[in-house]
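A short write-up of the structure that comes next.
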Amino acid sequence: MNDPDLSGRVAYVTGAARGQGRSHCVRLARAGADIVAIDACAPVAEHNGYSPSTPEDLAETVRLVENEGRKALAREVDVRDAAGQQHMVAEAIEQFGRLDIVVANAGVLNWGRLWEISAQQWQEMLDVNLTGVFNTVKATVPAMIAADNGGSIITISSAAGVKAVPGCGHYCASKFGVVGLTNSLAVELGEFGIRVNSVHPYGTDTPMGNDVSMYQMFADHPRFIHSFSPGALSTESLAAPDLVSDIVVFLASDASSLITAAQVPADKGYLKI
Ligand SMILES: NC(=O)c1ccc[n+]([C@@H]2O[C@H](COP(=O)([O-])OP(=O)(O)OC[C@H]3O[C@@H](n4cnc5c(N)ncnc54)[C@H](O)[C@@H]3O)[C@@H](O)[C@H]2O)c1
């Protein structure tokens, strides 16, 4: 199937340096959109068991977008930095004159039982995964309304934003929070022709998805493993980021014009098992 046509549109993607964010940038560019990309490109959460992205990762995303024949405006901005995101959007409007698509993708994952994690570990998770999305919304929505072209906002939650799992309750709380934010925003933005939907990936083949620190949690608490079934489809256990991008590109396009305030699974049926 050919990608829908997004030519003339501009997409703002957070967490764009690698993993799913990079894949979304490349696929949106392939469909014709110019890309505004931000990423912290640095350690963001003290308890993460996997390595942070780098400035070189973000530069590679820019190269891949330009390879698709599209423009890329990229900066090192942490989603917790509300002013930084406002500034980035202002720069994007100055350069491109419009903003049509937002993919609020930046996120972190780390492990610990709820009563054992520190207040700092809890707060860092909520600050990045939930307040970071709020900051993205606050920075981008006024520009989208002003451009008066409608648009599509896609938040990246998780299967753990629909079904709570043990060992990462703070992550689940942040991703359930993204769903509430998404659906309220969808109702508020309907009159402006802006749609808002959340995507819910399960295990995806990225540095986060390959985080081996979760194995210690399962070794310490073997019964927790029952909450993580392989899903209904007999495909690779970790999905290629490109397969999540199929859904993101669809939601960004007019092919999904009737869909708003929806929670779209990218989970191989895991949530029904
Ligand atoms: N990988 C999985 O198995 C999986 C499953 C479900 C949901 N998700 C969600 O998908 C999204 C993308 O994750 P991924 O798998 O590509 O992980 P990843 O770690 O490979 O990439 C995440 C990117 O976000 C950036 N980022 C993190 N915190 C940031 C911050 N405060 N400010 C700016 N950038 C920041 C990182 O630097 C990194 O480049 C996340 O929201 C994640 O929670 C991932």
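Hydrogens, waters and symmetry mates play no part in the numbers below; they use all other heavy atoms, side chains included.
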Gap separating the CG atom of Leu73 from the CD atom of Gln95, nearest 0.5 angstrom: 5.0 Å
Just by distance, with hydrogens left out, do Gln216 and Asp220 show a side-chain donor and acceptor under 3.5 Å apart? yes
If I take atom CZ from residue Arg113 and atom NE2 from residue His221, how far apart are they, to the nearest 0.5 angstrom? 4.0 Å
The reported gap from NZ in Lys138 to OG1 in Thr131 (rounded to nearest 0.5 angstrom) is 12.5 Å
At what distance, to the nearest 0.5 angstrom, does OG1 of Thr155 lie from CD of Gln263? 7.5 Å
Can you tell me if Thr206 uses its side chain to pair, donor with acceptor, with the backbone of Met208 under 3.5 Å? yes
Tell me whether Glu94 at atom CD has more than 12 heavy atoms from other residues, nucleotides or ligands lying less than 6.0 Å away. no
Decide whether Ile273 and Phe224 are clustered together by the hydrophobic rule: side chain heavy atoms of Ile, Leu, Val, Met, Phe, Trp, Tyr closer than 4.5 Å, transitively. no
Under 3.5 Å: donor-acceptor pair, side chain of Asn105, backbone of Gly15: yes
Do the side chains of Val141 and Ile153 get nearer than 4.5 Å, heavy atoms only? yes
For the side chain of Asp78 and the backbone of Ala40, is there at least one donor-acceptor N/O pair under 3.5 Å apart? no
4.5 Å side-chain heavy-atom contact, Leu114 and Trp122: yes
Stepwise side-chain contact (heavy atoms from CB on, under 4.5 Å) test for Met144 and Val102: CA-CA 10 Å; Met144 294 174 81; Val102 173; 3.8 Å; yes
Determine whether a donor-acceptor pair (N or O, by modelled atom type, separation under 3.5 Å) exists between the side chain of Thr61 and the backbone of Ala16. yes
Glu46 and Asn110 side chains, donor-acceptor separation under 3.5 Å: no
Hey, does Leu58 have a side-chain heavy atom less than 4.5 Å from the side chain of Ser53? no
In the structure I gave you, are the side-chain heavy atoms of Ser237 and Pro230 within less than 4.5 Å of one another anywhere? no
Distance-only, no hydrogens or angles: does the Arg75 side chain make a donor-acceptor pair with backbone N or O of His87 under 3.5 Å? no
Scan Asp34, Asp100, Asp254 and name whichever one has a salt bridge (Lys or Arg N to Asp or Glu O under 4.0 Å) with Arg9. Asp254
Give a yes or no on whether Leu185 and Phe192 share a hydrophobic cluster (residues Ile, Leu, Val, Met, Phe, Trp, Tyr; joining criterion: side-chain heavy atoms under 4.5 Å apart). yes
Apart from Ile101 itself, residues in the same hydrophobic cluster as defined by side-chain heavy atoms under 4.5 Å: Leu6, Val13, Leu28, Ile35, Val65, Val103, Ile154, Ile156, Val199, Val244, Ile247, Val248, Val249, Phe250, Leu251, Ile259, Val264
Test of understanding: clusters of I, L, V, M, F, W, Y form through side-chain heavy atoms closer than 4.5 Å, transitively. Do Ile38 and Val178 belong to the same one? yes
So, taking the atom named CE in Met88 and the one named OH in Tyr12, what distance separates them when rounded to the nearest 0.5 Å? 7.0 Å
Same cluster or not: Tyr202 versus Phe176, using hydrophobic residues (I, L, V, M, F, W, Y) connected whenever any side-chain heavy atoms lie under 4.5 Å apart? no
Decide yes or no on salt bridge (Lys or Arg N to Asp or Glu O under 4.0 Å) for Lys272 and Asp267, but give the supporting numbers first. CA-CA 9 Å; Lys272 295 285 161 47; Asp267 71 329; over 6 Å; no
Ala72 to Val62 - nearest heavy-atom pair and separation: CB-CG1, 4.1 Å
With no hydrogens and no angle check, is any side-chain donor or acceptor of Ser229 less than 3.5 Å from a backbone partner on Ser227? no
How close do Asp211 and Met214 get, counting heavy atoms only, and between which atoms? O-CE, 3.2 Å
Considering all heavy atoms of both residues, which atom of Leu99 and which atom of Ala11 are nearest to each other, and what is their separation? CD1-C, 4.4 Å
Any donor-acceptor pair under 3.5 Å from Tyr171 side chain to Val165 backbone: no
Grab the two heavy atoms, one from Ser198 and one from Ser157, that are nearest each other, plus how far apart they are. CB-CB, 4.5 Å
Considering non-hydrogen atoms only, spot the tightest contact between Gly107 and Val128 and give its length. CA-CG1, 4.2 Å
Working to the nearest 0.5 Å, report the span between CG of Leu126 and CZ of Arg80. 12.0 Å
Is a side-chain donor or acceptor of Gln85 paired with a backbone partner of Val79 at a separation under 3.5 angstrom? yes
ring-ring contact (aromatic ring centres under 6.0 Å, His included) partner of Phe228, chosen from Tyr215, Tyr270, Phe218: Phe218
In the single-linkage hydrophobic clustering (I, L, V, M, F, W, Y; side-chain heavy atoms under 4.5 Å), do Phe134 and Val77 co-cluster? yes
For Asp205 and Ala239, indicate whether the former's side chain and the latter's backbone hold a donor-acceptor pair under 3.5 Å. no
Looking at Arg63 and Glu60, is there a salt bridge between them, counting it only when a charged N and a carboxylate O are closer than 4.0 Å? yes
With the side chain counted from C-beta on, respond yes when Arg223 and Pro166 share a heavy-atom pair under 4.5 Å apart, and no when they do not. no
Hey, does the side chain of Thr260 reach the backbone of Val196 with a donor-acceptor pair shorter than 3.5 angstrom? yes
How about Thr136 and Thr14: does a side-chain donor come under 3.5 Å of a side-chain acceptor? no
Would you please say whether a donor-acceptor pair under 3.5 Å links the side chains of Thr54 and Asp57? yes
Is the shortest heavy-atom distance from the side chain of His47 to the side chain of Val108 under 4.5 Å? no
Give the intermediate values and the outcome of side-chain contact (heavy atoms from CB on, under 4.5 Å) for residues Asn210 and Tyr50. CA-CA 8 Å; Asn210 284 289; Tyr50 54 99; over 6 Å; no
Whether over 12 other heavy atoms sit under 6.0 Å from Lys163 NZ: yes
Looking only at non-hydrogen atoms, find the nearest pair between Ser23 and Ser245 and report the distance. OG-OG, 2.6 Å
